Structure formats: C-alpha cells, structure tokens
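In what follows, a structure is listed as structure tokens, so that the remarks can point back to it.
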Amino acid sequence: MKLNIVIFLAILIGLMGYAQDLPTDYLPSDFHKDRREKVRALMPENSVTVLFANAERNRANDVDYIYHQDPDFYYLTGYKEPNSVLVLYSDDQIDENGNTYNEQIFVQKRDARSEQWNGKRLGVEGVKDKLGFKMAFNAEEFVSAPIDFKSFDTLLFYNFENDYRDGSENADLYDLIKAFKKKAYYPENYDERKQQLYTTIKATEVENSANVAQTLGRYLNRYEDLQKDPLLSGYMNAKDDNLRKEFKDKISLELQTSNLNSFMLGEIMSSLRETKTKDELRLLKKAIEISAVGQIEMMKAMHPNMSESEIQGVHEYVYKKYGAEYEGYPSIVGGGNNGCILHYIENTKTTVGNDLVLMDLGAEYHGYTADVTRTIPANGTFTPEQKAIYNIVYEAQEAGIEASRVGAPFQAPGRAASEVVAAGLIKLGIISEISQARTYFPHGTSHYLGLDVHDKGTFGPFKPNTIITVEPGIYIPEGSDCDKKWWGIAVRIEDDILITDEGPVNLSAMAPRTIASIEAMMLKSSPLDAFKLPKLD
Ligand code: GLY
Ligand code: MN
Ligand code: MN
C-alpha cells in the first residue's frame, strides 16, 4: 500500500513537472470556437467560407523559413501546422449519417517518420481533443470530399498569391488548393478587382452610383486592363441612369454564373480582429511588457562600442527568456544615420559610437506581437540638437496618444502628431512651411496591433478594446537641406496604446520615454556589463 502511494506520488510529481515544462497560457479553444461563431454570424445566407493554412516557404536549398501560421487561420482554429483547410458554413449541413455540422477542419495526417524529423503533429485526434473540433479529418479527405461549393450562393475565400509549392506530401497546400479550385469552378483568369467592382455595382442602386464612382474611377485610372472591360467602362461613362441601369443589369447577369467572393472574408476578419477580447488583451499585454523590459535592459546595457546586431541580440534574448516564440517583425536597430531608413533591418554597424540608436522591436508571444520603439543616445547623454528633435517627437506622440479616443477618426492621432512635428521643425528653422514636414516625417503615426504587427481593422472611428501604435518620428539624413548640425539625427518613439471608454492607456509605458527618465535608466548597471566573450582571431 505504502509503495502504491509512493508510485502514485512519483507519477503525480512527474506529471506536474511535465505540465510545468510547457506554457499553459495559450488562447483557450473556446476563444477560437467563439470567433468562428462570429464569422458565421457575419456570413451571408447560404454561404461557405474556405480558409487555407499559410504556405511553407523555402529559404534556400533544403532549408525552409520557420513556419508561421496565417493569422486568420490561427485566430479561428488555434492550429499552428501547415497543409490544412478550414470550412465554415453559414447554415447547418447534414452528412450521410444524418449528423448536423456547420464547420470542418482538414489537417496534416500523423506520420511517424515526418514527426521524427520535423516535430509532433496534432493530427485529427489532437485537433478534436485539444482544439475542440467535432468534424476533423485528414487533409487528403478534403481532396476527395464531395463538397458541392457551387450549391452555395456565396463562396468566401482569399485569392491565391501563387507562392505555394507542390511538395512531396500527399495532400499538401498545393494539392488542397488545386482540389478547391476544381470543386469551386475557379477560373484561371479569375480577377479579384473585377469581381469586387462588379459585386459593388450590383449591390448599388443606380441613383446612388456616385458612391461607386470614386472607387471605380480609381481602379480604372490605375489599371489599363480594367479600362478595357466594356461593362465597367460602360457603367462608368454612362450618360444617364437608364443607360447605367442597362450596364448594371448586364453586370448582374455576369455575376450570376459565379459565387466566388475573395474580398468579403477580409472585411469580416478586419471587423472582428480590430477589437480584442479579454484573452487577446492578456497576450498582447504580455508581449508588450516583454518588449518594454527589452528596452529597459538595453538602456542599462548600452555603451558606444556596442554593435547594432549586439543590441538586437539583447532585446531578443529578453524575449526568449520570457518565452516569446518569435519577433513580430524583423528587428530594427539603427545607429545615427541608419535610423533614417524606416525599416532598417540589416543592423550591421559594428560600433554605434556617440550617435542616437533607434530601436524598433517587438516580441511575439503566442501569436500576438508588440511594436515598441525607443531612441536613446549610445553614450547615455542627449546632445542639445538631439534633445531638440527628441522633444518635438515626444510632444507629437503625447498629442497623438491624447487623440486616441473612442469615436475619434482613425486619422486623429496622425493629424495631431503631424501638427506638432511641423510646428516644431519650423521653430527650429529646419523647414519653412508646414508642407515640407513630410520630408522629415514621411510615415503614418498609427496602425492596429494584434496577431499581425500591422493588424487588420476597418479604419473607422476608434472602438474600445482596440490597440494601436502611436509612433511619430523625425529623420534627418546626411545631406539634408538644412543646417549640418541636424544631419544624422533620427528619432522615433513608438508606444502601444489601448483605447478604452476611459481614455487611452499606454501599455508600453514601462519603458522610459522622456529624456530625463531615459538618461536616468542608462546610468543603471546591467548584468551584461560582466558578460565578456573571448576574443577570436
Ligand atoms: N515596426 C514596424 C512599424 O513600426 O510599423
Ligand atoms: Mn509600428
Ligand atoms: Mn515599430
């Protein structure tokens, strides 16, 4: 009996140890299930959505890039493997055994040999057990499944970017897409732009054609091949509503032969992903805090003979230490003039010297990414010129954050920040007119943040539980048309702002942002001060 208890305890402790070895704070399967319900609720009647996993991409020879799931696919399933497809139905379907279902997932088959080389697969049973799907199948069953996509009024999918390859697997993404195209009668000359314009025209009363005219005009101006489409140009150039109606009827007739819709899914996903649930906020806050700690540790560790890649490594080490799987985008570390390249990812400068160092990095934690930028003087003290530019960017950011309020237009933070930047640059004599400010501040101030660093959203008025960045910057490259003393100064300050009914909340505030707090943090010692590596020949 005693022995039994000992064995029991040993097993229990072993299991606890095993459980503690893995993160336990992933999104729960209920989150993904709820999101699928939300998609279904937004789908039109008698429609079906088909969503494919991301493609595996080759780096060189027999080495692929690290696989990353398509964010929409992850959002709706929690499944992180390639070669799979999700099918959602707006209305209940009945299988040959009389079972009702409104979704199916087709996933990679378990395969001992492949798993020995490339890691464990969830397989059908794992997807049922861990992700809560009732209707899960091996991917090859999608290839043979008799799904009659033609019987639905609308077939929602994303158009194909042609960057997937036919691998050796039986039912890889290539085979799945091929099977889909056949089942869906997807024409090889499918034109998403034309389909979208036709659909919009069909849905618009001719009396309201002015609503379509702007978009249509933009497309026809930009794409010569669309100008040649007789129905589109006929509609666009119609002299009166009667003639316009004739073209609209012809367009509607043309659309009757196709139920393909490769743009509505994007609209649905954008509307859902813009605002975050409690579970998402939990992971985003974690990713952002991890990234803020990276900035703090780097402020403490910084010294002039560090290299850009070493600085990158310190941030990324902090991310890994907290269990963040990836960076949400390639890390940007630009010393001096390099900071003027907005997405500078080479990070090859060997010593940052006495310049400002622009550090734009974000940890990705369980799929959700931060995006935080700090710009600090490598030697710990801002020069008067650096201070002058930094303070304009800081004030611009303050104005942008203050404007990030529920109901405000998406452009509000950008407008507020731009005004401050322009006024500041004029005051310093760097520019003479507001319109010249774009030379030194050539990007927007905000984007949504979530599973993608530039996350999906509607770009409508701000809603509560949205996270955006506010990231003004001033970049004055060598040779600019201003006093030499400003050359090589590049400053961006970027924080991740949660929009709430009570006002904006800066989730990355932990990382010092004012000149005084940055200089004070840089005075602190770092454990990395003692980290010495042997000199190599
Ligand atoms: N790190 C990319 C961006 O700031 O948008
Ligand atoms: Mn950003
Ligand atoms: Mn950034």
Side-chain angles (χ1 to χ4, degrees), residues 68 71 273-274 276 284-285 287-296 298-299 308-309 311-312 314-316 318-319 324 326-335 338-347 356-365 367-376 390 393-394 396-401 403-404 410-414 416-418 421 438 440-457 459 462 466-475 490-499 504-513:
H68 195 282
R273 283 178 52 188
E274 177 173 336
K276 272 53 183 183
L284 270 161
K285 283 178 181 171
I288 294 165
E289 280 181 13
I290 291 170
S291 307
V293 173
Q295 296 283 358
I296 291 172
M298 195 48 240
M299 285 179 193
E308 290 172 343
S309 66
I311 295 166
Q312 170 185 351
V314 173
H315 286 272
E316 292 177 6
V318 172
Y319 300 175
Y326 308 109
E327 296 84 52
Y329 52 93
S331 298
I332 299 165
V333 178
N338 289 344
C340 296
I341 300 166
L342 303 177
H343 286 172
Y344 171 77
I345 58 172
E346 291 157 31
N347 307 343
L356 287 179
V357 184
L358 188 156
M359 309 179 291
D360 180 346
L361 308 93
E364 183 181 306
Y365 188 80
Y368 287 83
T369 184
D371 184 7
V372 180
T373 308
R374 289 294 180 266
T375 307
I376 67 175
Y390 190 94
V393 179
Y394 178 83
Q397 198 201 23
E398 286 282 280
I401 294 172
S404 306
F410 183 84
Q411 297 76 11
S418 299
V421 168
R438 271 206 91 66
Y440 299 111
F441 177 20
H443 60 77
T445 308
S446 299
H447 54 79
Y448 300 109
L449 193 66
L451 287 169
D452 282 299
V453 61
H454 297 164
D455 211 35
K456 291 191 169 177
F459 299 94
F462 287 132
T466 303
I467 300 186
I468 60 161
T469 63
V470 178
E471 49 173 312
I474 296 177
Y475 315 89
V491 176
R492 178 159 66 249
I493 316 176
E494 175 171 29
D495 283 81
D496 301 340
I497 308 299
L498 172 63
I499 293 171
V505 179
N506 185 347
L507 300 178
S508 40
M510 193 202 294
R513 211 159 51 94

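This structure is a prediction, so every number in the text was calculated from the model and none was measured. All ligand and atom numbering here is 1-based and tracks the order in the structure.
- Across all their heavy atoms, Ile296 and Met510 have their closest contact at CD1-O, 3.5 Å.
- Closest protein heavy atom to atom 5 (O) of ligand 1: His454 NE2, 2.7 Å.
- In terms of protein heavy atoms, atom 4 (O) of ligand 1 is closest to Glu471 OE1, 3.0 Å.
- Protein heavy atom closest to atom 3 (C) of ligand 1, with residue, atom name and distance, is Asp371 OD2, 3.3 Å.
- The structure places OG1 of Thr369 at 9.5 Å from NE2 of His454, a figure rounded to the nearest 0.5 Å.
- A ring-centre distance under 6.0 Å is found for Tyr326 and His68.
- For ligand 1 and Tyr329, the ligand atoms under 4.0 Å from any heavy atom of the residue are 1 (N).
- For His343, the closest heavy-atom approach to ligand 1 falls below 4.0 Å.
- The Mn ion (ligand 2) has His447 among its coordinating residues (N/O/S atom, backbone or side chain, under 2.8 Å).
- In terms of heavy-atom proximity, Ser446 sits nearest to Thr469 at OG-O, 2.8 Å.
- Counting all heavy atoms, side chain and backbone alike, Phe459 lies closest to Glu274 at N-OE1, 4.2 Å.
- Taking the six-membered ring where the residue is Trp, His443 and Phe441 present perpendicular rings, their angle passing 60° and hence far from 30°.
- No other N/O/S atom of Glu494 lies as close to the Mn ion (ligand 2) as OE2 does.
- For Glu471, the N, O or S atom with the smallest separation from the Mn ion (ligand 2) is OE2.
- Residue Asp371 approaches the Mn ion (ligand 3) most closely through its N/O/S atom OD1.
- Residue Glu494 has at least one heavy-atom neighbour below 4.0 Å for each of these atoms of ligand 1: 4 (O).
- Annotation: Tyr440 is not in aromatic contact with Tyr475 [ring centroid separation under 6.0 Å not met].
- Inclusion of Arg492 in the set of residues having an N or O under 3.5 Å from an N or O of ligand 1 is not warranted.
- Counting heavy atoms closer than 4.0 Å to ligand 1, residue Val453 contributes nothing at all.
- Closest of all the heavy-atom pairs between Leu342 and Pro442 is CD1-CG, 4.1 Å.
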